[in-house]
Protein chains: 2
Amino acid sequence: MKRKITLKHIARELDVSISTVSKALKNSEEISRETKEKIQAFAKLYNYKPNNIAISLKNKRTKNIGVIIPDIVHHFFTTVFRGIEKYANDKGYNVIVCVSDESFDKEVINMEMLANGSIDGFIMALSAETQLKNDYNHLKQVTDQGIPLVLFDRVTDEVNCDKVIIDDQAAAHMAVSKMIADGRQRIALVTTEDYLNVSSKREEGYRKALEEHNLPVREELILRLPYQYEDEKLSEVFFATQEVDAVLCVNEIFAVRTIRFLEDNDLRVPSDVSVIGFTDGILSRLSNPTLSSVAQHGEEMGTIAAKMLIDKVESDIEEGEEEYRTEVVEATLIERESTRSS
Amino acid sequence: MKRKITLKHIARELDVSISTVSKALKNSEEISRETKEKIQAFAKLYNYKPNNIAISLKNKRTKNIGVIIPDIVHHFFTTVFRGIEKYANDKGYNVIVCVSDESFDKEVINMEMLANGSIDGFIMALSAETQLKNDYNHLKQVTDQGIPLVLFDRVTDEVNCDKVIIDDQAAAHMAVSKMIADGRQRIALVTTEDYLNVSSKREEGYRKALEEHNLPVREELILRLPYQYEDEKLSEVFFATQEVDAVLCVNEIFAVRTIRFLEDNDLRVPSDVSVIGFTDGILSRLSNPTLSSVAQHGEEMGTIAAKMLIDKVESDIEEGEEEYRTEVVEATLIERESTRSS
DNA sequence: TTGTAAGCGTTATCAG
DNA sequence: CTGATAACGCTTACAA
């Protein structure tokens, strides 16, 4: 077992000072070619690599970024994470992930844990509970300390920082308009019952699109389901009493369930009812029929978020003139079988 | 912007020495109640938190664990990750994730990056390319340095370390036996063409089960598809020329595609053909019909891996007598509609 | 009871 | 060209 070698070891071994070794390994002009070669050869031989922790302490820069997301087993977040990770890695940063599990407390604990020197900045999506409580002191504390923060998808106006979002309202509007253009008239909305910022924006877009096309907004056609619902009972009640010819769902899972439910009730998708979901993930591509859905371009969001963060981290504006940006990523509608206007 | 406060600040402010502050905050008996109270109050007021990096440097322990996986947008890995993250967090560890993207080079780079002091140990699943090249020097280097390593799922015998796997062979055997018990006779296997350890183990189980039940192993019934295949052409060729009454797929995606293909060709699942997949993820639960599949219990694997790693990290056997364990997690068959023996 | 000093591994400044 | 020294923030013998 060859323990990690340090500058000190090399210095002792080669009978030079630590600073000489340090400089030699950085190819400093100050050191004679001869000594440099000797030292470099030795270092190579023993596979010397500087200790990141020591460098972090010295530079007050960890080259780590902290990512806090509500759930990792969730296609969208996972996709954003991939974007973050790729960009960050390219820039020489590592990514520390913490999962808040939609819990306010865990979010706070994780942030505090990381804020004590472990990371240079945060990228996060708020937990559902945090949005519900509307308590953002932990975020403010972090920004007050001068730690850069980028919020994505689940954001809040309460905190001053960079943000990356998709225009959920416009996206829902687009989806509903498409259905209307396809001749659909009774369009239902299946959304979450939790108060999530994104859901309500999507609902706004849904309402607006109907209104603009002079279609009535029927509250009975808006179904609110618990975030992780497992029973289709609710949906049965809903569809049994209503005639719908199109459904917009705020996520993939609701959409796939809806399709299944419709087919079990002898309604064909898309001929009888067309369905559009949000989150263009694996389910959309592989459901039967395949699901038209609003792509949120998570990877792109992740890339943008990482870029914004790293730019801030590496800029030395420090007490920056509070110049925060909000990037809006265009959502696109991926059309598949569930809306074929056949 | 209140910059982070350090022991030095407190000491200066309160006109005591740094070590007094340090001890006072640790509630040391050495310090008078009076001073302690003064210091603690001050620290609370200014929200003092020790700097993790400094502590890491001192203790030579980062309380970070490095996780390297081939792909984060993949239900199984994501699930394992969740298990790791939860357990690690409970134990006060953070998790740094790097994605190898199935690439050998990235795997090597990421490991080296993290091995220079950033983490106390690794948990990883080998990339496809690494398994193909059969080159594990980067792993050996890490273990040689005394950094604990736990391999999961995609493992190799070439490296001496703790491992967590499922018995893929037994799992496939179980699945095939179940189909046979249901009266199926011509059972196909849809597997990957890459050389992945897990796939080949599953194939072995498949073959063994058939043999044990005195059924012929027909090579034409074994279909090898590229890892991320997008065209169903291959599968068309396959099924068009064969009569099968059951299919075992080495992953969910292949399984769902198979179902879709069968239905498009007027074969009903499960009445005409029953289908079982591996990886009990969201697709299995939501496909139509729902998919019977082999649950790999990723979260449990993650928990076990994290436990093994942290135990090693925190044990002081150091030059441990090479006592490495391999934990086998029981796979279970989750029966859903695709195998209802109706 | 409090303080000094060394050390964790590096880098940077300043002398020699 | 090379080396001593201080510093990053903290802990911990050891002195006082």
Side-chain angles (χ1 to χ4, degrees), chain A residues 3-40 42-43 46-64 92 114-120 145-147, chain B residues 3-40 42-43 46-64 113-120 145-147:
Chain A
R3 277 241 151 273
K4 277 259 120 180
I5 196 179
T6 71
L7 291 185
K8 196 196 258 187
H9 295 320
I10 302 184
R12 197 155 35 210
E13 219 58 36
L14 262 37
D15 218 52
V16 288
S17 78
I18 294 181
S19 51
T20 302
V21 177
S22 175
K23 287 170 189 162
L25 292 177
K26 297 202 122 49
N27 237 314
S28 160
E29 291 305 317
E30 291 181 41
I31 309 295
S32 73
R33 209 166 51 77
E34 203 187 7
T35 345
K36 278 199 289 198
E37 278 171 2
K38 183 178 65 178
I39 293 177
Q40 288 171 0
F42 188 92
Y46 285 94
N47 192 31
Y48 168 80
K49 293 277 165 50
N51 178 311
N52 291 331
I53 297 293
I55 291 179
S56 295
L57 183 59
K58 183 112 253 280
N59 299 338
K60 294 159 142 274
R61 287 282 219 67
T62 61
K63 286 265 182 181
N64 285 156
L114 296 182
N116 300 133
S118 301
I119 49 86
D120 295 338
Q145 276 175 160
I147 301 179
Chain B
R3 276 243 152 272
K4 277 258 121 178
I5 196 178
T6 70
L7 290 186
K8 196 198 259 186
H9 296 321
I10 303 185
R12 196 153 39 204
E13 219 58 36
L14 263 37
D15 219 52
V16 289
S17 79
I18 294 182
S19 58
T20 303
V21 178
S22 174
K23 287 169 188 160
L25 292 177
K26 298 201 121 52
N27 237 314
S28 160
E29 292 304 318
E30 289 181 39
I31 309 295
S32 72
R33 209 167 49 79
E34 201 187 8
T35 341
K36 278 200 289 198
E37 279 170 2
K38 183 179 65 176
I39 293 177
Q40 288 171 0
F42 189 92
Y46 286 94
N47 191 33
Y48 169 80
K49 293 277 164 49
N51 178 311
N52 291 330
I53 297 293
I55 292 179
S56 294
L57 183 58
K58 182 114 255 278
N59 299 338
K60 293 159 143 276
R61 286 283 216 68
T62 62
K63 287 266 184 178
N64 285 157
M113 200 159 172
L114 295 182
N116 300 136
S118 301
I119 51 86
D120 295 337
Q145 278 176 153
I147 301 178

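All chains are named by letter (A, B, ...) in the order of the sequence lines, taking the proteins before the strands, and each is independently numbered beginning at 1. Keep in mind the model is a prediction, meaning the values are calculated, not measured.
Ranked by how close their nearest DNA chain C nucleotide is to the 5' end, B:Lys60 and B:Val16 are led by B:Val16. Positionally, the nearest nucleotide of DNA chain C for B:Glu29 lies more toward the 5' end than for the other of B:Glu29 and B:Ala54.
Here B:Lys36 pairs with nothing under the salt bridge (charged side-chain N to carboxylate O under 4.0 Å, His left out) rule; sequence neighbours left out. Listed by chain and residue number, A:Leu7 satisfy the side chain to side chain contact (heavy atoms under 4.5 Å, CB included) test with A:Ser22 (two or more places apart in sequence, or in another chain). Shown here are the side-chain hydrogen bond (donor to acceptor under 3.5 Å, both in side chains) partners of B:Gln40, two or more places apart in sequence or in another chain: there are none.
Residue pairs meeting the salt bridge (Lys or Arg N to Asp or Glu O under 4.0 Å) criterion with at least one partner in residues 14-28 of chain A, sequence neighbours excluded, are A:Lys23-A:Glu30.
Taking atom CG of B:Asp120 as the reference point, atom C1' of C:dC8 lies 15 Å away to the nearest angstrom. Distance NZ (A:Lys63) to P (C:dT10): 17 Å, rounded to an integer number of Å. As a whole-Å value, the separation of A:Asn51 CG from C:dG7 P is 18 Å. The distance between atom CG of B:Asn52 and atom C1' of D:dT11, rounded to the nearest whole Å, is 15 Å. Atoms CD1 (B:Ile53) and P (C:dG7) sit 23 Å apart, rounded to a whole Å. Here D:dC10 presents its P atom at 12 Å from CG of B:Leu57, a figure rounded to the nearest Å. Across the protein-nucleic acid pair, B:Asp15 atom CG and C:dT1 atom P stand 20 Å apart, rounded to whole Å. One interatomic measurement links the two molecules: NE2 of A:His9 to P of C:dG7, which rounds to 14 Å at whole-angstrom precision.
A sub-4.0 Å separation between OP1 or OP2 of D:dT2 and a side-chain N or O of A:Thr20 is absent.
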Subject >> side chain to side chain contact (heavy atoms under 4.5 Å, CB included) between B:Lys58 and B:Ile55, worked out >> reply: CA-CA 5 Å; B:Lys58 182 114 255 278; B:Ile55 292 179; 5.6 Å; no
**OP:** Walk me through it: do B:Val16 and B:Val21 pass the test side chain to side chain contact (heavy atoms under 4.5 Å, CB included)?
**Re:** CA-CA 7 Å; B:Val16 289; B:Val21 178; 3.6 Å; yes
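Between the B:Arg3 side chain and the A:Gly146 main chain, no donor and acceptor come within less than 3.5 Å of each other. Between the side chain of A:Asn52 and the backbone N or O of B:Asn116 there is at least one donor-acceptor pair closer than 3.5 Å.
For A:Lys38 and A:Glu34, the salt-bridge test fails: no basic side-chain N is under 4.0 Å from an acidic carboxylate O.
The stretch residues 32-40 of chain A touches DNA chain D through A:Ser32, A:Thr35, each having a heavy atom within less than 4.0 Å of the strand.
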Heteroatom pairs (N/O) under 3.5 angstrom, protein to nucleotides 11-14 of chain C:
{"unit_1": "C:dT11", "atom_1": "OP1", "unit_2": "A:Lys26", "atom_2": "NZ", "d": "2.8"}
{"unit_1": "C:dT11", "atom_1": "OP2", "unit_2": "A:Ser22", "atom_2": "OG", "d": "3.1"}
{"unit_1": "C:dT11", "atom_1": "O2", "unit_2": "A:Lys58", "atom_2": "NZ", "d": "3.1"}
{"unit_1": "C:dT13", "atom_1": "O4", "unit_2": "A:Lys23", "atom_2": "NZ", "d": "3.4"}

